[in-house]
Every structure is written in structure tokens, then in C-alpha cells.
Amino acid sequence: MAQVRIQAAASFRLDDIYRYTRDRWGVQQADRYITELFATFDRIASHGTASRPIPAAFGVEGYFFRHERHFVYWRYLSDGAIGIVTILHERMHQIDRLREDFGLAKS
């Protein structure tokens, strides 16, 4: 099975998600949600998580899936590993944040 690597922007977003969830609903809920996210990351390689290609309008190559109120964006890395690029809340402006987190300048 392919190795999963959490990239810098995704790591930052995971920290934010944890803190927000902990502050709003408590440690137990924050732990549960983060654990669920990591479980979905592990299921990408086995196709246990249904992913779709990122729309061309976003200007990046990769895939995404929804987990509760977040969209997880990922791509295959040059060595075949799975790179979790970012995790964005459904209320965030997806195109701008995604392009930033993929390392692309705003257009």
C-alpha cells in the first residue's frame, strides 16, 4: 500500500481543525474527528475513500473527497506516495486557498 505523507499546508490545517474542534466541542470530539480524518487518508490507496479529480477550473492536478464538513485534497507524489495537500472547510473559498496550498500564486 502507498505511503501517506501529510504536506505542510495540510499539517497546518489539521492543527487548526483540532484546536477549533477542541475549543468548541471538547478534547474527546477533537480527537475523534482527527482520528477519522487519518483513517480516511489511509483508505485512499485502497480506494476505500471515493475521490474525484479536482476540477480543471482550480488549476491544479490531484483529487479530493469530502469528510463531514471538510474537503481533503491530495495527489500522487513523484515516488508514488500519497500527499495530503490540504484540508479545507466547506465555507472556505476553495479555489484561492487550494491554489495557495498547492504552492501556486493567485491568478
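The basis for the numbers below is simple: all heavy atoms, side chains too, and nothing from hydrogens, waters or symmetry mates.
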Exercise for review: Evaluate the ring planes of Trp74 and Tyr76, with Trp represented by its six-membered ring, and classify them as parallel (under 30°), tilted (30 to 60°) or perpendicular (over 60°).
Suggested key: perpendicular

Exercise for review: Heavy atoms only: give me the nearest Arg75-Gly62 pair and the separation to one decimal.
Suggested key: CB-CA, 4.1 Å

Exercise for review: Supply the atom-to-atom distance Arg52 CZ to Arg66 CZ, rounded to the nearest 0.5 angstrom.
Suggested key: 10.0 Å

Exercise for review: Under the side chain to side chain contact (heavy atoms under 4.5 Å, CB included) rule, what do His67 and Leu37 come out as? Steps first, then yes or no, please.
Suggested key: CA-CA 7 Å; His67 178 76; Leu37 278 169; 3.6 Å; yes

**Study point:** Spacing of Gln29 atom CD and Ile34 atom CD1 [to the nearest 0.5 Å]
**Key:** 10.5 Å

Check your understanding: Any sub-3.5 Å donor-acceptor pair from Thr21's side-chain atoms to Tyr18's backbone N or O?
Key -> no

Review point. Is the backbone of Gln7 close enough, under 3.5 Å, to the side chain of Ser11 for a donor and an acceptor to pair up by distance?
Key: no

Study note, to complete from the structure: The single option from Pro55, Pro53, Ser51 that satisfies side chain to side chain contact (heavy atoms under 4.5 Å, CB included) with Phe64 is Pro55

Exercise for review: Check step by step if salt bridge (Lys or Arg N to Asp or Glu O under 4.0 Å) holds for Asp16 and Arg13.
Suggested key: CA-CA 5 Å; Asp16 278 352; Arg13 303 270 185 220; 5.1 Å; no

Practice item. Taking all non-hydrogen atoms of both residues into account, name the closest pair between Gly80 and Ala2 and its distance. Key: O-CB, 3.7 Å

**Study point:** Phe41 to Val4 - nearest heavy-atom pair and separation
**Key:** O-CG2, 3.6 Å

Check your understanding: For the atom pair CD1 (Ile84) and OG1 (Thr40), what is the distance rounded to the nearest 0.5 Å?
Key -> 7.0 Å

Exercise for review: Using only heavy-atom distances, determine whether the side chains of Gln3 and Arg5 contain a donor-acceptor pair under 3.5 Å.
Suggested key: yes

**Study point:** Ion pair Arg32/Glu68, N-O distance below 4.0 Å
**Key:** yes

Check your understanding: About how many Å separate OH of Tyr73 and CG of Leu88, when rounded to the nearest 0.5 Å?
Key -> 5.5 Å

Revision key, fill the gap. In Thr86, Leu14, Val85, the residue satisfying side chain to side chain contact (heavy atoms under 4.5 Å, CB included) with Ile6 is Leu14

Review point. How many angstroms lie between atom NE2 of His89 and atom CZ of Arg69, to the nearest 0.5 angstrom?
Key: 6.5 Å

Exercise for review: Specify whether Tyr33 and His70 have parallel, tilted or perpendicular ring planes, treating 30° as the upper limit for parallel and 60° as the lower limit for perpendicular.
Suggested key: tilted

**Study point:** Cluster link Ile87 to Phe12, ILVMFWY, side chain under 4.5 Å
**Key:** no

